[in-house]
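Inspection log for the structure reproduced underneath, given as structure tokens.
Just so you know, these numbers use all the heavy atoms, side chains as well, and skip hydrogens, waters and symmetry mates. Sequence lines set the chain letters: A, B, ... in the order given, protein chains first and strands last, and positions in each chain run from 1.
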2 protein chains.
Amino acid sequence: MATLKEVADKAGVTVTTVSRMLNKPDMVHPSTIRRIQQAMRDLDYQPNEIARSLSKKMSNFIGLIVPSARNAFFAKVIESMERHITANGYKLLLCVSNHERRKEIEYFSMLRANKVAGVIIASHTQDITQSVSIDAPIISIDRIISPHISAVCSDNFSGGRMAAELLISKGCKRIAYFNGGITLKGMSASLRQQGFEQALRQQGIEPIIQSHREDRFISMKYQDIIAAFLETHADIDGAFCSNDILAAELIRYATKNGIDVPGQLRVIGYDDIDLAELYSPSITTIRQSVEDISHFVVESIVHFEDRPMPSQTIFPVQLIEREST
Amino acid sequence: MATLKEVADKAGVTVTTVSRMLNKPDMVHPSTIRRIQQAMRDLDYQPNEIARSLSKKMSNFIGLIVPSARNAFFAKVIESMERHITANGYKLLLCVSNHERRKEIEYFSMLRANKVAGVIIASHTQDITQSVSIDAPIISIDRIISPHISAVCSDNFSGGRMAAELLISKGCKRIAYFNGGITLKGMSASLRQQGFEQALRQQGIEPIIQSHREDRFISMKYQDIIAAFLETHADIDGAFCSNDILAAELIRYATKNGIDVPGQLRVIGYDDIDLAELYSPSITTIRQSVEDISHFVVESIVHFEDRPMPSQTIFPVQLIEREST
DNA sequence: CGGTTAATGTCAACCGTATGACATGTAAAA
DNA sequence: TTTTACATGTCATACGGTTGACATTAACCG
């Protein structure tokens, strides 16, 4: 690969001028710029980003740590983040933690060693800054992991309320909440539950809470868990699930066991992953605006130097009504 | 951040020794190694990967270009690749091309500028090397894009045959093939179709082929396309879909229109994404061993210098029988 | 015509690590 | 005691690009 120096020689200028053109184009005469660009084309020159990063003490990478890439919600997050990261001239370093704290810490340290411009974390770990410090902005999404780390979430509390209100308005009386996993403090799902419970109680309905110890998002045992719960609560007529996959599992169980959805049981999911629309019956759900969140998060990192970063930012959610209610 | 030099000073050795310890530990005395390690701990030292990469003219990044991150099959690919890449001490640079040739070329050029150790591409573009050259191994997965680029695929031809044979063995007589998108030369899906057609014809059954011009994997118009097709082919009793999502859409349509699956219509998908098991009825499908492919591809890149790379490698597929047949 | 300004050159240091060549010192083996 | 091997130091250069300080040149203005 050609280097800056070769380009400079070919264009009859010095490396300083070429470098200036790349970094402060205003300082260079238009005709010189053209000459240099021609030389670059001739030599098929491309700046070595590694060398640039070293010199600037900062790379163009943005690290994204997610618990899973297969889970449809995070897949959506990844795709959306990638788009915004690329649109801003940065590159995505993807890290899949599989919910393991050890891995998250390793990833953090790796990202530091690579001088990333920022880290986006959708994480399990309560406060990772206790383990690894990093000289770049860190933003957590989907949950609040520490008072020192900016968090960007969607309005889970309202999401829970909206679900409750819809079920009530449809005439449900015995309403359950299905928890997709272990409830962690600060985790978005727990706010969903709180909003949901509050709205029900305001209408004099006592929520029936299902929860279990499974901490993976996709589990082969969902059917068993659902079966066990419905055995003791056969009479529920409404269910709010903390994510769409759980909702799909519930509908699947219901269909198999001759329970009509939505006739006998109305089901609401959360996230609005592609599956929700594709399922049969299609699933009513609360959509998190992953797109808005991604846009905001990436912009925040890119303009970190210029703008202050709010410690918490909340985006609205939207009820998407489909066949399952 | 501390530098090599500071560590060396603290440990009472020179940078050369420290660098040697990091790269050729055999040359350094165990007790010296301990002293240096202690100094590193004291200073919270971490090698600057950027500087390393510059010096070595090669980074630890592996680029993965996929058309989509949301699509469940590619989500599976991403997760699997990430695991193997990380396990080998490399880092994943994720690129989502959205099927756009222009983007693929940009990504390629970006990866080159970042001196990646290798590129894995699940791509649309027929032969990207015509546009961008790169001094690193390139491997295409899921399809053959050029005679000059190693390809790693699963045995799509057999997959198609297996689907055909299952439908025949279940007694289907009027069997259709649903194509998820435009058929591109060399694309894995076209081999699936060929295997499928061949197996049917060998049994004296003429396949009914559905295909359309949609080139996105997830489209809102699948229902319309299916409806149009079934209008003129209402009598089919077996269907092989080129991917699981299409199979889900077909089942959804059938369910909505009172066609019993598998009673009146048996459906087979392809890929075995999570959805296949979750759907109701669960979907019989051909599983591609994404795990094996990922493992092989990443190992090939990591050991590129040592081993020759086969121009084509094919992994077996597996029939997963579920409720939809 | 002197003064100002814009465009570029010159020079050099720096980012943090790798590495080759060669010298030195030390301890074990002959 | 001499030889040999090993461990480390010393020195210097390279990787490719950035940047600040300052000098030079030519063109423009009043």
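What separates CD1 of B:Ile36 from P of D:dA7 is a distance of 13 Å, to the nearest Å. In this structure, the CE atom of B:Met27 is 11 Å from the P atom of C:dT19, given to the nearest Å. When the P atom of C:dG9 is taken as reference, atom CE of A:Met21 falls 13 Å away, rounded to whole Å. The distance between atom NZ of A:Lys5 and atom C1' of C:dT10, rounded to the nearest whole Å, is 13 Å. In this structure, A:Asp9 atom CG and D:dG16 atom P are separated by 14 Å, rounded to whole Å. The NZ atom of A:Lys57 sits 15 Å away from the C1' atom of D:dG17 (whole-angstrom rounding). Atom CD1 in A:Ile50 sits about 13 Å away from atom C1' in C:dC15, given to the nearest Å. One atom, CG of B:Asn114, and another, C1' of D:dG17, lie 14 Å apart when rounded to the nearest Å.
For A:Phe315 and A:Phe296, the distance between ring centers is under 6.0 angstrom.
Among the nucleotides C:dA18, D:dT18, C:dG16, the one closest to any side-chain atom of B:Leu4 is C:dA18.
Under 4.0 Å is where a charged nitrogen must lie from a carboxylate oxygen, and between A:Asp44 and B:Arg112 at least one such pair does. One finds a salt bridge joining B:Arg70 and A:Asp274 here, because a Lys/Arg side-chain nitrogen approaches an Asp/Glu carboxylate oxygen to under 4.0 Å. Note on A:Arg52 versus A:Glu49: salt bridge recorded, some NZ/NE/NH1/NH2 to OD/OE distance being below 4.0 Å. Between B:Asp26 and B:Arg20 there is no salt bridge, since none of the side-chain N atoms of the basic residue sits less than 4.0 Å from a carboxylate O of the acidic one.
Between A:His29 and A:Lys115, the residue anchored nearer the 5' end of DNA chain C, judged by the nucleotide with its closest heavy atom, is A:His29. Taking for each of B:Pro30 and A:Asn48 the nucleotide of DNA chain D with the nearest heavy atom, the 5'-most of the two is the partner of B:Pro30. The nearest heavy atom of DNA chain D to B:Val18 and to A:Gln46 marks one nucleotide each, and the one closer to the 5' end goes with B:Val18.
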B:Ser294 vs B:Ser80, side-chain hydrogen bond (donor to acceptor under 3.5 Å, both in side chains): CA-CA, chis, key distance, verdict: CA-CA 6 Å; B:Ser294 300; B:Ser80 186; 3.0 Å; yes
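Residues satisfying the side chain to side chain contact (heavy atoms under 4.5 Å, CB included) test with B:Ala2, not counting sequence neighbours, are B:Glu6, B:Leu43, B:Tyr45.
For the pair B:Arg52 and C:dA18, the criterion of a side-chain N or O lying under 4.0 Å from OP1 or OP2 is met.
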A correct 5'-to-3' footprint of nucleotides 19-28 of chain D, with B, S and - meaning base, sugar-phosphate only and no protein heavy atom under 4.0 Å, is BB--------
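Nucleic acid contact for B:Val13: sugar-phosphate only, since backbone atoms but no base atoms lie under 4.0 Å from a heavy atom of the residue. Contacts of A:Leu54 with the nucleic acid, taken as non-hydrogen atoms under 4.0 Å apart, include base atoms.
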